[in-house]
Amino acid sequence: MKEQIHTIPITEAMENAGECPFCYIKRKTEEHALDFVLGNGASYMEADIREMTDQAGFCQGHYKKMFDYGNALGNAWILKTYYMKTLKEMDKEFAHFKPGVQKKSLFKNNSSSDNSIVNWLQKREESCFICDMIDRTFHDYMDTFFRIYRKEPEFREQLKKTKGFCLSHFSLLCSKADASLPEDELKSFYDIVLPLMKENINRIFEDVSWFVEKYDYKNKDADWKNSKDAIQRAMQKAKGQDPSLPAYQKKK
């Protein structure tokens, strides 16, 4: 397969796919985003970047990963201007707030509230600077996946040799396939991926089942086979994240 700059991450993902090549892509994209926000490039020192992080904020999961990353000063700078913006918004919201009985309606959107403070806080929960970076890049890579798939027969053969995808990314892959492939290519795509997924979900099931059986005293001397790491692989296959991976930290 002829490699170009935009195809290299896909090639690397297929070579290091493990339980899901898109899990690999997402993890590397997230690591790049953490490096951008808190790494040696010091983007957190740039006012325009902090203006964006102040606006988007971060989700709970990425606050934890930012903490684990290890740049205390960088986190403090980001949090300082974030809280400056929060205090300004809070003063405005509190000044205009009028407490009252919540009005309920059968026709009202359940996601909205008559309480302006609730609406303000819920809106802040809807975005995360790092999640947004990952989503934009991830979907570009999925587009690239299908461009390579359509042009390179050897890539399709490489796909057949993988362990399939996690169920979360398989859902996204099917949606993208439906939107990206013509009817004849769509059928051949599903002829590849459906048996691939069935085979590998069954493999995970067998590994987890044998892990359970190993705890039966009758099997205490039996070989573990491929089940020693079955729990983390099964969790990744179900939801798209390997819980056994160490926290990503700032490079020294």
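Everything numeric here is computed off the predicted structure, so don't read it as measured data. FYI, side chains are in, hydrogens and waters are out, and symmetry mates aren't considered; it's all heavy atoms of this structure. One is the number of the first residue; the rest follow in order along the sequence.
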Decide yes or no on side-chain contact (heavy atoms from CB on, under 4.5 Å) for Gln158 and Glu15, but give the supporting numbers first.
-> CA-CA 9 Å; Gln158 187 179 15; Glu15 293 172 349; 4.1 Å; yes

Would Lys85 and Gln55 count as a side-chain contact (heavy atoms from CB on, under 4.5 Å) if you check the C-alpha gap in whole Å, the side-chain angles of each, and the deciding distance to 0.1 Å?
-> CA-CA 8 Å; Lys85 184 176 189 298; Gln55 182 65 36; 3.3 Å; yes

Step-by-step side-chain contact (heavy atoms from CB on, under 4.5 Å) determination, Tyr63 to Leu79 = CA-CA 10 Å; Tyr63 269 133; Leu79 290 166; 3.9 Å; yes

Worked verdict on Thr53 versus Arg50 for side-chain hydrogen bond (donor to acceptor under 3.5 Å, both in side chains) = CA-CA 5 Å; Thr53 59; Arg50 287 210 311 279; over 6 Å; no

Evaluate the criterion side-chain contact (heavy atoms from CB on, under 4.5 Å) for residue pair Phe129 and His62; output intermediate values, then yes/no.
-> CA-CA 9 Å; Phe129 183 80; His62 281 125; over 6 Å; no

What do the steps show when you test Arg136 against Asp132 for salt bridge (Lys or Arg N to Asp or Glu O under 4.0 Å), and what is the final call?
-> CA-CA 6 Å; Arg136 288 192 300 270; Asp132 293 344; 5.2 Å; no

Run the numbers on Arg156 and Ser188 for side-chain hydrogen bond (donor to acceptor under 3.5 Å, both in side chains), then give the verdict.
-> CA-CA 10 Å; Arg156 295 192 284 275; Ser188 64; over 6 Å; no

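Residues Val37 and Tyr69 fail the side-chain proximity criterion, which asks for heavy atoms closer than 4.5 Å. Annotation: side chain of Asp178 is not in contact with side chain of Phe189 (no heavy-atom distance under 4.5 Å). In this structure the side chain of Leu38 reaches within 4.5 angstrom of the side chain of Met66, judged on heavy atoms. The closest side-chain heavy-atom distance from Asn71 to Trp77 is not below 4.5 Å. With a 4.5 Å cut-off on side-chain heavy atoms, Ile25 and Phe145 do not count as touching. Counting only heavy atoms from C-beta outward, the side chains of Leu159 and Val193 approach each other to under 4.5 Å. The closest side-chain heavy-atom distance from Asp191 to Lys187 is below 4.5 Å. For the pair Ile10 and Tyr149, the minimum side-chain heavy-atom distance is 4.5 Å or more.
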What pairs of donor and acceptor atoms, side-chain ones from residues 228-244 against any protein atom, are under 3.5 angstrom apart with sequence neighbours left out?
from   : atom 1 : to     : atom 2 : distance (Å)
Asp229 : OD1    : Arg233 : NE     : 2.9
Asp229 : OD1    : Arg233 : NH2    : 3.3
Asp229 : OD2    : Arg233 : NE     : 3.3
Arg233 : NH1    : Glu19  : OE2    : 3.4
Arg233 : NH1    : Asp207 : OD2    : 3.3
Arg233 : NH2    : Asp207 : OD2    : 2.9
Arg233 : NH2    : Asn226 : O      : 2.6
Lys237 : NZ     : Glu19  : O      : 2.7
Lys237 : NZ     : Glu19  : OE1    : 3.1
Lys237 : NZ     : Lys163 : O      : 2.5
Asp242 : OD1    : Ser244 : N      : 2.9
Asp242 : OD1    : Ser244 : OG     : 2.6
Asp242 : OD2    : Ser244 : OG     : 3.3

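Heavy atoms only, all atoms of each residue included: Lys250 and Gly39 are closest at CE-C, 4.5 Å. The nearest pair of heavy atoms linking Trp210 to Ser227 is CD1-OG, 3.5 Å. The minimum heavy-atom distance linking Gly164 with Pro21 is given by the pair O-CD, 3.4 Å. Nearest heavy atom pair, residue Lys225 against residue Asp223, reads N-OD2, 2.5 Å.
Using a 4.5 Å cut-off between side-chain heavy atoms of Ile, Leu, Val, Met, Phe, Trp and Tyr, Phe94 falls into a hydrophobic cluster with Met90, Phe97, Ile117, Trp120, Leu121.
Under the 4.5 Å side-chain heavy-atom criterion for grouping Ile, Leu, Val, Met, Phe, Trp and Tyr, Leu196 is not connected to Ile204 through any hydrophobic cluster. Linking ILVMFWY residues whenever their side-chain heavy atoms come closer than 4.5 Å, directly or via other members, leaves Met84 and Ile78 in distinct clusters. When hydrophobic clusters are built by joining Ile, Leu, Val, Met, Phe, Trp and Tyr residues whose side-chain heavy atoms come closer than 4.5 Å, directly or via intermediates, Leu194 is grouped together with Leu172. Under the 4.5 Å side-chain heavy-atom criterion for ILVMFWY residues, no single connected hydrophobic cluster contains both Trp224 and Val212. Under the 4.5 Å side-chain contact rule for hydrophobic residues, Phe36 and Leu73 share a cluster.
Of the possible polar contacts, one joining the Asn115 side chain to the Val118 backbone as a donor-acceptor pair under 3.5 Å is found. A donor-acceptor pair is defined here as one N or O able to donate and one able to accept, closer than 3.5 Å; no such pair exists between the side chain of Ser171 and the backbone of Leu167.
Scanning for side-chain contact (heavy atoms from CB on, under 4.5 Å) contacts around Lys251 gives Asp35, Tyr248, with sequence neighbours left out. Taking the ring-ring contact (aromatic ring centres under 6.0 Å, His included) definition, one finds that Tyr215 meets it with Phe211, sequence neighbours left out. The side-chain contact (heavy atoms from CB on, under 4.5 Å) search around Lys176 returns Met142, Asp143, Phe146, Ser180, not counting sequence neighbours.
Atom CD1 in Ile130 sits 5.0 Å away from atom CZ in Phe58 (nearest 0.5 Å). Rounded to the nearest 0.5 Å, atoms CD (Glu157) and NZ (Lys160) are 4.0 Å apart. Remark: Ile148 CD1 to Phe155 CZ distance equals 5.0 Å, nearest 0.5 Å. If you take NZ on Lys26 and SG on Cys166, they are separated by 8.5 Å, rounding to the nearest 0.5 Å. The structure places NZ of Lys28 at 13.5 Å from SG of Cys23, a figure rounded to the nearest 0.5 Å. Within the model, atoms OG1 of Thr29 and CG of Leu34 stand 11.0 Å from one another, a figure rounded to the nearest 0.5 Å.
Surrounding CD of Glu51 are at most 12 heavy atoms belonging to other residues, nucleotides or ligands under 6.0 Å away.
For the pair Glu126 and Lys123, the salt-bridge criterion is not met [side-chain N within less than 4.0 Å of a carboxylate O]. A salt bridge is absent between Glu89 and Lys92; no separation between the charged side-chain nitrogens and carboxylate oxygens falls under 4.0 Å.
Not less than 6.0 angstrom separates the ring centroid of Phe170 from the ring centroid of Phe22. Phe138 has its ring centre less than 6.0 Å from the ring centre of His169.
Residue pairs meeting the salt bridge (Lys or Arg N to Asp or Glu O under 4.0 Å) criterion with at least one partner in residues 65-76, sequence neighbours excluded, are Glu30-Lys65, Lys64-Asp68.
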